[in-house]
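All residue numbers refer to positions in the sequence shown, counting from 1. On a predicted model such as this, the values are computed, not experimentally measured, just so you know.
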Amino acid sequence: MPDTAQQVPHQSADKLPRVFYRLALGDALSTYGSQLDLVALSLFAYEAAGNALGTAGYLIIRLAGGLVGGLVSGRLVARTDRRRLMTGCALAQALALVVVALAPVPARIPVLYSLALVFGGAAAVCAVALRTSIPEMVGSERRARANSLMASCRSAAMVLGFASAGVVVAWAGFRAALLIDASSFLVFAAVVLRLPLRTRAEPAEQPAAEPADPAGPAAGAKWRGSRWQALIVLRAAPVVGAMAAIRLLDAFGSAAHNISLPVFANQHSPGNPAALLGMFWATWAVGNLGAQQLVSRLLLRRGIEPGERAFALGTCLMSGCFILVFTGLPTPLFLLAAVGAGLGDGFTEISYTTRIQALADERRGQAFGLLTSAENVGMGTGMLLSGSLLALLSPLTVVGVSHAVPIVLALGFLVVVARSRKR
């Protein structure tokens, strides 16, 4: 089905197409599968290798695949049928999971490590293609509402995936868990393939470039012929570069708190650390879902679209609350900080996605690819460095330093944006 598939009429100026909800549910299902296979394959790598290095090696290779996928995704979404690209990525992940599940014991580690690049790369390309296509699916004026819906469904699926992974693996075993994961990607592929929404702008309907974008027709020609498209994105829209830098450091902080949380839970709840972790992530999910309601009910209904300032403020809220989580607060304040972290995380995701989607269609994919690569670099280096620092420093110190840096950068970004608006 080509990218210029028939466009389903929008019901009203403020409502999303009904079929888009089907896509949001399909994406949530594949997100659930991604979190389930992340946990299952990490445990799988640990048991197959017999030590923690097996898990670390798998995660690093998977993040490297995401980095490569982010770098090439801009060119792919610009030149390839996006519907088929998303479908192909989902099918590739499903096939890789089946291969790992059926691999004989002696070949498990080589097969898993080889296919880790597929998991990371295919997930990155699919995410970039989906985010790039949303303005064409729902209309540019509805993209914030669509991003809010997608973020809410995805957050709920992430928490469910993490929460159920241990139960599924313990009850059904690794092979059954991986086959369940594969089925989630097959469902997503089927949903995307049959989705009657356009995924690419028609030549006469290209979305207008961002107000600060100085690029004209000559720059557009240079864009199409350049081998260094990411550099042109940064030159034409420097705000994208600033957001990419913040996302990179934010991902570094995310790696720090993800690695530090089990240590913190064992220190503060040695009798039942799993209960503390479960309580934290469930409360975080409440805040994350609350971000969708905040955007939908308080901002979009008033005609306010989250942008650069919302992105910077959300980053400060998220990082600040994650630091507070590790200060040993009483339980009510601990849960309040967890809600704030989830709220800031969801708000940042919605605002930065909506902001990047304001770029012209031909630049949007490269910008999302750049951001995806930055996130994978930050997460990978954060895992390596934070894991090493925890042997010497407390979780509060590691998380505090890791999240303080994006707060400072976000505040500086906020000042620059405010000054540019005044000019």
Original post:
Hey, are Glu349 and Arg131 close enough for a salt bridge, meaning a charged N less than 4.0 Å from a carboxylate O?
Top reply: yes
Subject >> Worked verdict on Ser351 versus Thr354 for side chain to side chain donor-acceptor pair (under 3.5 Å) >> reply: CA-CA 5 Å; Ser351 58; Thr354 302; over 6 Å; no
Original post:
Is the shortest heavy-atom distance from the side chain of Asp27 to the side chain of Cys153 under 4.5 Å?
Top reply: no
Original post:
Tell me, do Phe347 and Met318 make a side-chain contact under 4.5 Å, heavy atoms counted?
Top reply: no
Subject >> Side-chain touch Arg22/Leu195, heavy atoms, less than 4.5 angstrom >> reply: yes
Subject >> Atom pair CE (Met379) and CG (Leu384), whose distance is rounded to the nearest 0.5 Å >> reply: 12.0 Å
**OP:** Show your reasoning for whether side-chain contact (heavy atoms from CB on, under 4.5 Å) applies to Leu115 and Val118.
**Re:** CA-CA 5 Å; Leu115 293 178; Val118 176; 4.0 Å; yes
Subject >> Derivation of the side-chain contact (heavy atoms from CB on, under 4.5 Å) call for Met383 and Ile259 >> reply: CA-CA 7 Å; Met383 285 183 175; Ile259 290 179; 3.9 Å; yes
**OP:** Measure the shortest side-chain to side-chain distance between Phe334 and Met279 over non-hydrogen atoms and say whether it is less than 4.5 angstrom.
**Re:** yes
Subject >> 4.5 Å side-chain heavy-atom contact, Val138 and Ile134 >> reply: yes
**OP:** Kindly say whether Ala255 contributes a backbone atom to a donor-acceptor pair with the side chain of Ser386 at under 3.5 angstrom?
**Re:** no
Original post:
Can any side-chain N or O of Ser373 pair as donor or acceptor with the backbone N or O of Leu71 at less than 3.5 Å?
Top reply: yes
Original post:
Does a side chain donor of either Thr353 or Asn147 reach within less than 3.5 Å of an acceptor in the other side chain?
Top reply: no
Subject >> Side-chain heavy atoms of Leu178 within contact of Asp181, under 4.5 Å >> reply: yes
Original post:
Of the non-hydrogen atoms in Pro395 and Leu390, which two are nearest, and what is the gap between them?
Top reply: CA-CD2, 3.8 Å
**OP:** Indicate the atoms forming the closest heavy-atom contact of Ala256 with Val398, along with that distance.
**Re:** CB-CG1, 4.2 Å
Subject >> Main-chain N/O of Gly70 paired to Ser73 side chain as donor or acceptor, under 3.5 Å >> reply: yes
Subject >> Shortest non-hydrogen contact between Thr327 and Leu324, atoms and distance >> reply: OG1-O, 2.6 Å
Subject >> Sub-4.5 Å side-chain heavy-atom contact between Arg309 and Phe413 >> reply: no
**OP:** Step by step, work out the side-chain contact (heavy atoms from CB on, under 4.5 Å) result for Leu414 and Glu308.
**Re:** CA-CA 8 Å; Leu414 193 61; Glu308 303 99 326; over 6 Å; no
Subject >> Minimum-distance pair of heavy atoms, taken over all atoms of Asn288 and Ala151 >> reply: OD1-O, 4.1 Å
Original post:
Which is it for Met137 and Arg198 under the side-chain contact (heavy atoms from CB on, under 4.5 Å) test, yes or no, and what are the steps along the way?
Top reply: CA-CA 5 Å; Met137 291 180 176; Arg198 186 177 61 234; over 6 Å; no
Original post:
Do Ser148 and Arg145 meet the criterion of a side-chain donor-acceptor pair at a distance under 3.5 Å?
Top reply: no
Original post:
If you look at every heavy atom in Gly66 and Ala124, which pair is closest and at what distance?
Top reply: O-CB, 3.6 Å
Original post:
With a 4.5 Å limit on heavy-atom distance, are the side chains of Ser140 and Arg143 in contact?
Top reply: yes
Subject >> Minimum-distance pair of heavy atoms, taken over all atoms of Arg83 and Leu193 >> reply: CD-O, 3.7 Å
